[in-house]
Amino acid sequence: VQLQASGGGLVQPGDSLRLSCVASGNNFDYYAIGWFRQVPGKEREGVASIVSMDGTTSYPDSVKGRFTISRDNAKNTMYLQMDNLKPEDTALYYCAAGVTLTTNHAVGLRPGFYDYWGQGTLVTVSS
């Protein structure tokens with residue numbers, strides 16, 4: 001599986017941005033999916049995930065209520081809608097896919113859960 005992320009850019013605080021990630025291959029609807037971000041000198045942080053067949057989403061408190069993960073299985077694409085962006089959201093954003101589905105939703109925010117990674121797209125929030 002190859003993942004191609006896009007949609008990053010420079011925005012002002014309070015703006016919205018939608019990231020997309022297209023996956024190659026088949027059976028995308030059976031993959032767990034997640035979005036992560038990373039800034040230099042810090043660990044990669046999970047910001048959204050769907051790891052179960054029922055589509056339950058998980059978010060850390062830092063983005064809950066502002067970020068929304070979704071997927072369009074017919075297009076082999078996952079999305080991250082980011083609203084009310086803040087300067088601290090500035091980071092390189094990565095999409096990820098995993099072959100294991102689970103009802104333990106907490107693991108979806110851990111980088112080690114995933115098997116495939118996109119190349120990253122830069123989001124900069126600045127006035």
Side-chain angles (χ1 to χ4, degrees):
V1 175
Q2 291 185 327
L3 303 175
Q4 182 72 38
S6 62
L10 172 63
V11 297
Q12 294 186 341
D15 284 352
S16 296
L17 202 61
R18 190 177 78 159
L19 306 183
S20 300
C21 178
V22 180
S24 65
N26 300 317
N27 301 318
F28 176 72
D29 41 339
Y30 293 104
Y31 282 85
I33 59 172
W35 286 96
F36 291 77
R37 65 186 181 188
Q38 191 168 22
V39 298
K42 291 191 175 182
E43 294 185 352
R44 193 166 293 191
E45 174 193 19
V47 296
S49 67
I50 299 176
V51 299
S52 61
M53 285 298 292
D54 67 4
T56 300
T57 56
S58 296
Y59 307 94
D61 289 343
S62 58
V63 306
K64 195 171 293 183
R66 299 189 299 119
F67 288 15
T68 304
I69 185 174
S70 62
R71 66 193 305 168
D72 185 338
N73 293 329
K75 296 181 178 180
N76 273 22
T77 302
M78 66 179 84
Y79 303 99
L80 183 67
Q81 177 67 40
M82 303 184 293
D83 298 319
N84 190 22
L85 282 161
K86 304 176 181 181
E88 52 263 42
D89 296 319
T90 295
L92 193 60
Y93 282 73
Y94 297 89
C95 56
V99 300
T100 302
L101 292 172
T102 178
T103 55
N104 182 2
H105 303 118
V107 302
L109 297 179
R110 301 174 189 170
F113 181 72
Y114 295 91
D115 304 289
Y116 307 102
W117 291 86
Q119 84 288 4
T121 184
L122 182 63
V123 173
T124 304
V125 185
S126 175
S127 56

**D29 side, atom CG; N76 side, atom CG - distance, nearest 0.5 Å** = 8.0 Å

**Complete:** E43 and Q38 have their tightest heavy-atom pair at C-NE2, 4.0 Å

**Request:** Calculate, to the nearest 0.5 Å, the distance between atoms OG and CD1 belonging to S58 and I50 respectively.
**Result:** 9.0 Å

Please tabulate, for side-chain N and O atoms in residues 106-115, each donor-acceptor pair with protein atoms closer than 3.5 Å (sequence neighbours left out).
| unit_1 | atom_1 | unit_2 | atom_2 | d |
| --- | --- | --- | --- | --- |
| Y114 | OH | I33 | O | 3.4 |
| Y114 | OH | G108 | O | 2.6 |
| D115 | OD2 | V99 | N | 2.8 |

**Request:** Look only at the side chain of T77 and the backbone of D72, and say whether a donor-acceptor pair between them is shorter than 3.5 Å.
**Result:** no

**Fill in**
Applied to residues 80-99, the side chain to side chain donor-acceptor pair (under 3.5 Å) test, sequence neighbours excluded, yields S16-D83, R37-D89, R37-Y93, R66-D89, Q81-D83

**Side-chain touch K75/F28, heavy atoms, less than 4.5 angstrom** = no

**Prompt:** To the nearest 0.5 Å, how far apart are CD in E45 and CH2 in W35?
**Reply:** 14.5 Å

**Request:** Kindly indicate whether the side chain of Y31, heavy atoms from C-beta on, has any atom under 4.5 Å from the side chain of M78.
**Result:** no

**Complete:** Nearest heavy-atom contact between L80 and A48 is CD1-CB, 3.8 Å

**Item:** Nearest non-hydrogen partners of A23 and V1, listed with the distance
**Value:** CB-CG1, 4.3 Å

**Message:** Tell me whether F36 shares a hydrophobic cluster with L19, the cluster being built from Ile, Leu, Val, Met, Phe, Trp, Tyr side chains joined at under 4.5 Å.
**Reply:** no

**Asked** Does any non-hydrogen side-chain atom of C95 lie less than 4.5 Å from one of Q4?
**Response** no

**Request:** With the side chain counted from C-beta on, respond yes when P87 and S126 share a heavy-atom pair under 4.5 Å apart, and no when they do not.
**Result:** no

**Message:** Pairing donors with acceptors under 3.5 angstrom, does anything connect the side chains of N104 and T102?
**Reply:** no

**Message:** To the nearest 0.5 Å, what is the distance between CG on N73 and OH on Y30?
**Reply:** 9.5 Å

**Prompt:** Between V123 and W117, is there a shared hydrophobic cluster once you connect ILVMFWY residues whose side-chain heavy atoms come closer than 4.5 Å?
**Reply:** no

**Asked** Going by atom types only, do H105 and S52 share a side-chain donor-acceptor pair under 3.5 Å?
**Response** yes

**Same apolar cluster (I L V M F W Y, side chains within < 4.5 Å links), V39/L10** = no

**Message:** Are V47 and V125 connected into the same hydrophobic cluster when the rule is that any two of I, L, V, M, F, W, Y join if their side-chain heavy atoms are below 4.5 Å apart?
**Reply:** yes

**Message:** Go through it in stages, so that I can follow the logic: the residues are L85 and F67, the test is side-chain contact (heavy atoms from CB on, under 4.5 Å), and I'd like the CA-CA distance, side-chain angles, deciding distance and then a yes or no.
**Reply:** CA-CA 9 Å; L85 282 161; F67 288 15; 3.9 Å; yes

**Request:** Please examine the side chains of I69 and Y79, heavy atoms only from C-beta on, and report whether any two atoms are closer than 4.5 Å.
**Result:** no

